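Working notes for the structure below.
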Number of protein chains: 2
Amino acid sequence: MTETDIAPPRRKRAPSKRSLETRARILDAAERLFAQGGFDGASMRDIAVAADVPVALVNFHGGAKEALFDTVVARRAETLARHWLDALESAKADHGPLDLRAVLDCFIRPYLNLAATGGAQWTAYARLIAHVSADERWRPISERCFDPTVAVFVAELIPKFPKAETRRIAGAFVFSISAMLSLATSRWRIEAMAGDSGEATSGLDEWADFLIDFCEGGFRAALAG
Amino acid sequence: MTETDIAPPRRKRAPSKRSLETRARILDAAERLFAQGGFDGASMRDIAVAADVPVALVNFHGGAKEALFDTVVARRAETLARHWLDALESAKADHGPLDLRAVLDCFIRPYLNLAATGGAQWTAYARLIAHVSADERWRPISERCFDPTVAVFVAELIPKFPKAETRRIAGAFVFSISAMLSLATSRWRIEAMAGDSGEATSGLDEWADFLIDFCEGGFRAALAG
DNA sequence: ATTATTATTGAACGATCGTTAAAAATAACG
DNA sequence: CGTTATTTTTAACGATCGTTCAATAATAAT
């Protein structure tokens with residue numbers, strides 16, 4: 001029982017509708033700005049301006065800055081995890097035991113779909129995850145919000161490579177995750193590297209298929225035998 | 001001829017040896033702290049303390065903060081590029097025309113080698129590159145310092161996939177780069193995901209081979225046909 | 001409608017930020 | 001050595017940072 005285990009303050013009344021809207025507006029603004037500039041790149045005042053509220057309200061609804069960051073990341077984590085796990089379960093229900101590609105598909109496609117077609121907030125959240133994933137400082141958040149789901153997928157892959165060490169399967173999955181995040185956060189880089197040539201712009205599904213091809217081939221080649 | 005094209009101030013005397021040492025100490029400290037916390041995560045005062053100099057000296061030797069960041073990134077860029085291109089040329093000289101794996105090897109291994117065995121400063125620099133690569137804000141630096149070399153490698157790969165669009169080859173290379181950076185910056189994540197099991201820790205070369213296997217397989221699978 | 005609780009506001013706190021200016025010290029050159 | 005350019009130091013500037021507090025307004029509960 002450390003000092004951090006303080007009991008949450010007891011509420012005596014339900015929060016008003018307006019208050020909930022304000023809170024949501026603040027969290028949305030924080031999500032957008034944190035996604036854009038990371039934790040240090042967004043200030044509480046920037047967030048307040050973006051949410052169109054006085055600065056003190058950000059502290060009131062979000063707590064201290066680190067707590068706000070934590071709240072913003074955690075807010076959609078469960079929904080995203082459910083998307084991931086639902087994809088896994090419904091794929092199993094539809095096609096029986098899953099092969100490697102199907103497992104990768106269940107991880108990559110829901111994320112890219114939400115990032116591209118889930119609205120501006122999910123687009124921001126997808127970028128935010130990249131920040132959390134890149135900075136060791138947020139490892140506790142990662143462990144709490146994402147690692148459990150990732151562990152499910154890794155566990156799903158282990159029996160498919162009976163001769164491979166778990167460490168390597170996890171490594172290949174980390175490679176896949178980083179490639180996935182790079183696709184969501186820096187497609188501009190890819191398009192730029194291909195030159196200004198007017199090649200037809202690819203859609204989401206095309207890139208998703210391409211990425212899944214890449215990861216599947218990577219898994220097979222790196223864990224063969 | 002814009003206002004930014006100001007002529008560099010003419011020197012009338014050679015810089016002293018002590019001054020060069022101080023400058024190097026400052027750039028080294030900035031490199032370490034920028035690598036750790038990114039541009040916004042490191043303050044000029046932190047850098048000054050780490051370099052054991054007064055704050056004003058950081059400005060004197062490094063200029064404004066953005067210029068300092070730029071200088072730090074550019075400082076080792078040429079050396080790294082030469083490592084990359086030398087690997088390419090000497091591999092060609094030794095084995096004639098290179099296959100896919102050899103090209104990937106020439107890109108991945110020099111980077112990982114420098115990151116792991118090039119000393120603390122190169123380890124920091126390897127992490128710094130990940131920051132530059134992840135933040136669109138530093139795209140000009142990327143374009144100037146790294147994109148030319150990357151373009152050489154992509155050009156080397158194009159004839160190996162005559163039926164593939166350049167955009168896709170570039171995409172697969174970006175996937176490979178992000179996986180490579182993730183290996184240099186977050187091996188802790190991989191080791192953590194594999195569980196606390198006491199599996200023997202892998203060395204650099206083992207992980208490098210593994211990553212190259214992964215990328216080669218990814219390229220072949222994604223660009224097949 | 002009254003009251004108790006929550007939400008919002010405006011202002012301010014101390015700390016730290018990047019940057020600059022002017023002396024003081026150091027090193028290079030004639 | 002004496003002179004001059006360069007480097008280092010010390011101190012301070014204004015701006016912005018995260019956070020807090022006392023007030024006022026708004027709202028749910030009685």
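Just so it is clear, the structure is predicted and the values come from calculations on it, not from any experiment. A, B, ... follow the sequence lines: proteins, then strands. Residue 1 opens every chain.
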Given atom [atom1] of [X] and atom [atom2] of [N], what is their separation to the nearest angstrom?
X: Phe34(B); N: dG18(C); atom1: CZ; atom2: C1'; value: 11 Å
X: Leu68(B); N: dG18(C); atom1: CG; atom2: P; value: 10 Å
X: Phe39(B); N: dC17(C); atom1: CZ; atom2: C1'; value: 12 Å
X: Met44(A); N: dG10(C); atom1: CE; atom2: P; value: 18 Å
X: Leu20(B); N: dT7(D); atom1: CG; atom2: P; value: 8 Å
X: Phe60(B); N: dT6(D); atom1: CZ; atom2: C1'; value: 6 Å
X: Asn59(B); N: dA11(D); atom1: CG; atom2: C1'; value: 14 Å
X: Lys12(B); N: dT7(D); atom1: NZ; atom2: C1'; value: 16 Å

Determine the contact category for [X]: base if any of its heavy atoms lies under 4.0 Å from a base atom, sugar-phosphate if only primed atoms, P, OP1 or OP2 are that close, otherwise nothing.
X: Pro54(B); result: base
X: Ala14(A); result: sugar-phosphate
X: Ala67(A); result: nothing
X: Ala64(A); result: sugar-phosphate

Quiz prompt | Main-chain N/O of Pro110(B) paired with His83(B) side-chain donor or acceptor, under 3.5 Å | solution = no
Self-check item: Donor-acceptor pair, side chain of Tyr125(A) and main chain of Val73(A), under 3.5 angstrom
Solution: yes
Quiz item: Which comes earlier along DNA chain C counting from the 5' end, the contact point of Ser43(B) or that of Arg45(A), where each point is its nearest nucleotide?
Solution: Arg45(A)
Exercise. Would you kindly compare Lys17(B) and Leu57(A) by the position of their nearest DNA chain C nucleotide and give the one closer to the 5′ end?
Key: Leu57(A)
Quiz prompt | Chi angles and distances behind the side chain to side chain contact (heavy atoms under 4.5 Å, CB included) call for Ser133(A), Arg189(B) | solution = CA-CA 9 Å; Ser133(A) 178; Arg189(B) 179 181 298 274; 3.8 Å; yes
Practice problem: Assert yes or no for the condition that the ring centre distance of Phe175(A) to Phe219(A) is strictly below 6.0 Å. | Solution: no
Quiz item: Checking salt bridge (charged side-chain N to carboxylate O under 4.0 Å, His left out) for the pair Arg75(B)/Glu31(B): CA distance, chi angles, key distance, verdict?
Solution: CA-CA 10 Å; Arg75(B) 184 170 57 142; Glu31(B) 188 172 58; 3.4 Å; yes
Quick one: is [X] getting a side-chain N or O under 4.0 Å of the [N] phosphate, OP1 or OP2?
X: Arg25(A); N: dA7(C); result: no
X: Ser19(A); N: dA7(C); result: yes
X: His61(A); N: dT6(C); result: no

Practice problem: Answer yes or no: side-chain N or O of Arg13(A) and base N or O of dT27(D) forming a donor-acceptor pair under 3.5 Å. | Solution: yes
Measure from the side-chain heavy atoms of [X] and tell me the nearest of [options].
X: Arg18(B); options: dT26(C), dG18(D), dC17(C); answer: dT26(C)
X: Ala56(B); options: dT20(C), dA27(C), dT20(D); answer: dT20(C)
X: Lys65(B); options: dT6(C), dT19(C), dT8(D); answer: dT19(C)

Self-check item: Chi angles and distances behind the side chain to side chain contact (heavy atoms under 4.5 Å, CB included) call for Arg144(A), Asp70(A)
Solution: CA-CA 10 Å; Arg144(A) 181 164 42 87; Asp70(A) 194 291; 2.6 Å; yes
